[in-house]
**Q** 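The structure's right below; bear with me while I get my questions together.
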Amino acid sequence: MNTGVKITAFAAALAATFGTAYGVGKGVGPVDEPKKAEHGEHAAATPAPSASASADGHAGHEEAPAQAAAAELPGGLQVSEGGYTLDLETPAPPAGRSTLKFSIKDSAGKKVTAFTTEHGKELHFIVASRDLTVFRHLHPEKAPDGTWTVAADLPAAGGYKAFADFKPAAKGAKGLTLGVDLGVPGAYAPKPLPAAAPTTTVDGYQVRLGGTLDPGKAGELRLTVTKGGRPVTDLEPYLGAYGHLVALRQGDLAYLHVHPNEGGPGPDVSFTATAPSGGTYRLFLDFQHEGKVRTAAFTVRAGTPSTAPGTAPAPAETTEHDAGGHAHG
């Protein structure tokens, strides 16, 4: 029997280590009408191609090895990068529904008010539990002074991490993903990742994951959506595409925002992704059909095929899983 322990703000729960290759999660939630936008380049999504250019756009200066290594870190591992800082004003929200407030500050400590619209939004805000069983893709509102506000439903006490994915409108600015810890006070015991399987059932939809997430090289991830045994061929655009995929690395929650490949409205949605290292990753696929966004979650071991011949689909879960809860502000 697990024994709960008391945690306070900024407490982080240790995620258990598993040797499974993939797992499942599920959830459902309504969203607003999607808006199309161009897909921007996020420096945090892939390793930096060169260490000769610093974050402020000045090139021609040789960096020390430690600086070069820092420039190649995956997204979400730093609260500050390239002169920008994620400032979370509500680091210890209560369990249940609450309001989160934050801002992006520049190197002078001023709140940034101008951003480049990417994937239909100026900024994407994601909150995940440290054990990767809770995932919230939120759409905050920005006040004129640069303060962002969003309602969030964090179902239980524990350690969480918030990610801000954005691109400042300043000349020469690059896309960034900054991360910051938050803690929901109360008694807490970490949960294990779901059981291994290449398929998941979400609100009556079956999603199968194929392909390989390879460390250090690009690989294709293909997700196929069916319902009642029939392929879904009329997926609706969500955030400018027919699917939106986020990958988080178990242990440190390194963040990969994976862009989709060109394709039609289902049943297959294809992505090209590169894992920054070996290890276990949790994948969260958002897809929209009949006016609602569902989130399908998988656990993948980098370098291990996501499907295997003769592997039977996992039985559908009978209760809603927190990992698929899709909340919007």
Side-chain angles (χ1 to χ4, degrees), residues 8-12 29-35 37 40 42-44 55-56 75-130 134-155 158-185 239-240 244 246 248 253 255 257 286 293 325-329:
T8 54
F10 297 99
V31 298
D32 297 332
E33 290 296 320
K35 297 179 181 179
H42 283 257
D56 61 2
L77 296 182
Q78 301 181 91
V79 69
S80 296
E81 183 181 356
Y84 296 93
T85 299
L86 171 56
D87 183 17
L88 182 63
E89 299 179 17
T90 51
R97 196 162 182 83
S98 63
T99 299
L100 302 180
K101 291 185 178 182
F102 65 95
S103 62
I104 305 299
K105 293 185 176 180
D106 62 19
S107 57
K110 295 182 179 180
K111 293 182 179 180
V112 178
T113 58
F115 298 83
T116 300
T117 298
E118 295 187 302
H119 309 289
K121 300 290 181 180
E122 287 188 307
L123 182 146
H124 296 267
F125 192 67
I126 287 172
V127 179
S129 62
R130 280 283 177 178
V134 177
F135 177 84
R136 300 289 185 258
H137 185 171
L138 307 170
H139 299 307
E141 297 292 332
K142 183 186 66 177
D145 71 346
T147 300
W148 295 85
T149 304
V150 66
D153 183 10
L154 305 180
Y160 293 80
K161 192 165 189 178
F163 303 89
D165 189 351
F166 64 94
K167 183 178 180 180
K171 184 178 179 180
K174 295 182 179 180
L176 297 170
T177 303
L178 302 180
V180 65
D181 288 333
L182 65 153
V184 175
L239 300 177
H244 183 274
V246 168
L248 299 176
L253 273 62
Y255 177 102
H257 186 174
D286 296 334
V293 168
H326 199 100
H328 292 261

**Q** Extract all donor-acceptor atom pairs below 3.5 Å that involve side chains of residues 104-111 and protein atoms in other chains or at least two apart in sequence.
**A**
from   : atom 1 : to     : atom 2 : distance (Å)
Lys105 : NZ     : Asp87  : OD2    : 3.0
Asp106 : OD1    : Ala108 : N      : 2.9
Asp106 : OD1    : Gly109 : N      : 3.1
Asp106 : OD1    : Lys110 : N      : 2.9
Lys111 : NZ     : Thr147 : OG1    : 2.6

**Q** Enter the distance from Glu141:CD to Glu122:CD here, rounded to the nearest 0.5 Å.
**A** 10.0 Å
**Q** Do Val127 and Leu138 make a side-chain contact, defined as non-hydrogen atoms from C-beta onward lying under 4.5 Å apart?
**A** yes
**Q** Any idea how Phe102 and Phe125 line up, ring-wise: parallel (<30°), tilted (30 to 60°), or perpendicular (>60°)?
**A** parallel
**Q** So, taking the atom named CG in Leu88 and the one named CG in Leu178, what distance separates them when rounded to the nearest 0.5 Å?
**A** 12.0 Å
**Q** Looking at every non-hydrogen atom in both residues, tell me the closest pair between Pro93 and Pro91 and how far apart they are.
**A**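 Smallest interatomic distance, heavy atoms only, reads CD-C, 3.5 Å.
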**Q** I need the minimum non-hydrogen distance between Pro155 and Tyr160, along with the two atoms involved.
**A** CD-OH, 3.9 Å
**Q** Where do Leu86 and Ala162 come nearest, in terms of heavy atoms and distance?
**A**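 Taking Leu86 first and Ala162 second, the nearest heavy atoms are CD2-O, 4.1 Å.
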**Q** How far apart are the closest heavy atoms of His124 and Glu118, and which atoms are they?
**A**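 Closest pair (atom of His124, atom of Glu118, distance): NE2-O, 3.0 Å.
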**Q** Quick one: does any side-chain atom of Arg97 pair with a main-chain N or O of Ala151 as donor and acceptor, under 3.5 Å?
**A** no
**Q** Can you give me the closest heavy-atom contact between Lys167 and Ala173, atom names plus distance?
**A** CE-O, 3.3 Å
**Q** Yes or no on side-chain contact (heavy atoms from CB on, under 4.5 Å) for His137 and Asp286, after CA distance, side-chain angles and deciding distance?
**A** CA-CA 9 Å; His137 185 171; Asp286 296 334; 3.0 Å; yes
**Q** Could you tell me which residues satisfy side chain to side chain contact (heavy atoms under 4.5 Å, CB included) with Ala169, sequence neighbours excluded, listed by chain and number?
**A** Ala114, Thr116
**Q** For residues Pro185 and Ala92, report the shortest heavy-atom separation together with the two atoms involved.
**A** CD-O, 4.2 Å
**Q** Do any N or O atoms from the side chain of Lys142 and from the backbone of Leu123 form a donor-acceptor pair under 3.5 angstrom?
**A**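 Pair absent, no side-chain N/O of Lys142 close to backbone of Leu123.
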**Q** State, with a plain yes or no, whether a side-chain heavy atom of Lys121 is found less than 4.5 Å away from one of Asp165.
**A**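 In short, these two side chains do not touch, never coming nearer than 4.5 Å.
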**Q** To the nearest 0.5 Å, tell me how far Phe163 CZ sits from Leu248 CG.
**A**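 So the CZ of Phe163 and the CG of Leu248 are separated by 5.0 Å.
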**Q** Should Thr99 and Thr149 be marked as a side-chain contact (heavy atoms from CB on, under 4.5 Å) after you check the CA-CA gap, both sets of side-chain angles, and the distance that decides it?
**A** CA-CA 7 Å; Thr99 299; Thr149 304; 3.3 Å; yes
**Q** Aromatic contact between Trp148 and Phe166, with the criterion being ring centroids under 6.0 Å apart: yes or no?
**A**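 Centroid separation for Trp148 and Phe166: 6.0 Å or greater.
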**Q** Run Gln78 and Leu176 through side-chain contact (heavy atoms from CB on, under 4.5 Å) and show every step you take.
**A** CA-CA 10 Å; Gln78 301 181 91; Leu176 297 170; over 6 Å; no
**Q** Drop me the distance from Lys161's NZ to Tyr255's OH, to the nearest 0.5 angstrom.
**A** 12.0 Å
**Q** Verify, without hydrogens or angle tests, whether Thr90 (side chain) and Lys101 (backbone) share a donor-acceptor contact under 3.5 angstrom.
**A** yes
